2 protein chains.
Amino acid sequence: MVKNAYTPVTAAVGVENALRLLEGRWKLVILFHLFGGRVRRYSDLEKLIPEISQKMLAQQLRQLEGDGIVLRKVYPQVPPKVEYRLSEWGQALCPALDALLTWAELRDS
Amino acid sequence: MVKNAYTPVTAAVGVENALRLLEGRWKLVILFHLFGGRVRRYSDLEKLIPEISQKMLAQQLRQLEGDGIVLRKVYPQVPPKVEYRLSEWGQALCPALDALLTWAELRDS
DNA sequence: CAGAATCCGCCGAGATACTG
DNA sequence: CAGTATCTCGGCGGATTCTG
């Protein structure tokens, strides 16, 4: 498919679908805690994001995992141990978020 | 403020605030119809986005205007005429949306 | 033409309690 | 430790009707 084949509408839909994956009160906070190849356990994230409820943490992680943005690794042991990290595609988000941040900062200047 | 002063959390908040301005079922569709310096009347947007309701079109435009992303120009005449276009800051969104679109497309490849 | 006003259904998200 | 299970409420977004 050619770049210039995009109509305003189809391009909007493409970005909307992308944005939809990032919506959710806590997803970005979680993602930022995983950037740079960092690996975090469920309990790590709970401590890093004190205001989040267990329900929301689990739910947002499930969605991020289902969307292929984060990877989940379970160690079959007692007590349980689960690690989360970004997928390759998840890491590729960095430039886009940087661009958004840059744009946001532009407002004040 | 120095770039490296960002903690994961504050950076997340910055991007979240930016994303919040773009949330809303129809904002991106509207924005894409205004990119490239295009100027559209209210009725133009209604035709370009047939599925949108008048309420939502007006509401999303108000919010985009309030957030300083689009500009609204009223011609005091009968019948009324109102034109919408992107502010300078709104135009600056392009690179960020491009990056997001690029990221979204990466998934298939 | 460019909207404002109203009513309504759905779901995202918080709080709380429980479990393998 | 790493989650599920419920209950609840607020707000987004759709449909419809009315107006300067």
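These numbers come from a predicted model, not from an experiment. Residue numbers start from 1 in every chain, and the chains themselves are labelled A, B, ... in the order their sequence lines are given, proteins ahead of strands.
Listed nucleotides C:dC1, D:dG14, C:dG20 differ in distance to A:Pro80; the shortest reach to its side chain belongs to C:dG20. Looking at the side chain of A:Tyr42, the nearest of the listed nucleotides D:dA2, D:dG13, C:dA2 is D:dA2. Set against C:dC1, C:dG20, D:dT4, the side chain of A:Arg62 has D:dT4 as its closest nucleotide.
In this entry the distance linking CZ of B:Arg25 with P of C:dC11 reads 14 Å, nearest Å. The separation between B:Lys73 atom NZ and C:dA2 atom P is 15 Å, rounded to whole Å. Atoms CD1 (B:Ile30) and P (C:dG3) sit 11 Å apart, rounded to a whole Å. Nucleotide D:dG3 holds its P atom 9 Å from the CD atom of A:Glu46, rounded to whole Å. If you take NZ of B:Lys81 and C1' of C:dG3, they are 17 Å apart, rounded to a whole angstrom. Atom CE of B:Met56 and atom P of C:dA5 are 16 Å apart (whole Å). Atom CG of A:Leu57 is separated from atom P of D:dG3 by 8 Å (rounded to the nearest Å). When rounded to the nearest whole Å, the span between CD of A:Gln59 and C1' of C:dA15 equals 14 Å.
Around atom CZ of B:Arg40, more than 12 heavy atoms belonging to other residues, nucleotides or ligands sit under 6.0 Å away.
Residue whose closest nucleotide on DNA chain D sits further toward the 5' end, between B:Gln63 and B:Glu51: B:Gln63. Place A:Leu61 and A:Lys55 on DNA chain D by their nearest nucleotides, and A:Leu61 ends up nearer the 5' end.
When heavy atoms are screened at a 4.0 angstrom cut-off, B:Gln60 is found touching the sugar-phosphate backbone but no base atom. Using a 4.0 Å heavy-atom criterion, one finds that A:Tyr84 contacts the sugar-phosphate atoms exclusively. At the heavy-atom level, B:Ser43 lies under 4.0 Å from the strands shown only through sugar-phosphate atoms.
A salt bridge between B:Arg20 and B:Glu16 is present, with a side-chain N of the basic residue lying under 4.0 Å from a carboxylate O of the acidic one. Salt-bridge formation is not detected for the pair A:Arg41/A:Glu46: no Lys NZ or Arg NE/NH1/NH2 atom is positioned less than 4.0 Å from an Asp or Glu carboxylate oxygen.
We find the CD-CH2 distance between A:Glu51 and A:Trp26 to be 4.5 Å, quoted to the nearest 0.5 Å.
In terms of phosphate contacts, B:Arg41 brings no side-chain nitrogen or oxygen within less than 4.0 Å of OP1 or OP2 of C:dC1. In this model, the phosphate group of C:dG14 is approached by a side-chain N or O of A:Trp26 to a distance below 4.0 Å at OP1 or OP2. Between A:Arg72 and the phosphate of D:dG3, there is a side-chain N or O to OP1/OP2 separation shorter than 4.0 Å.
A donor-acceptor pair under 3.5 Å is absent between the side-chain atoms of B:Arg72 and the main chain of B:Leu61, judged by distance alone.
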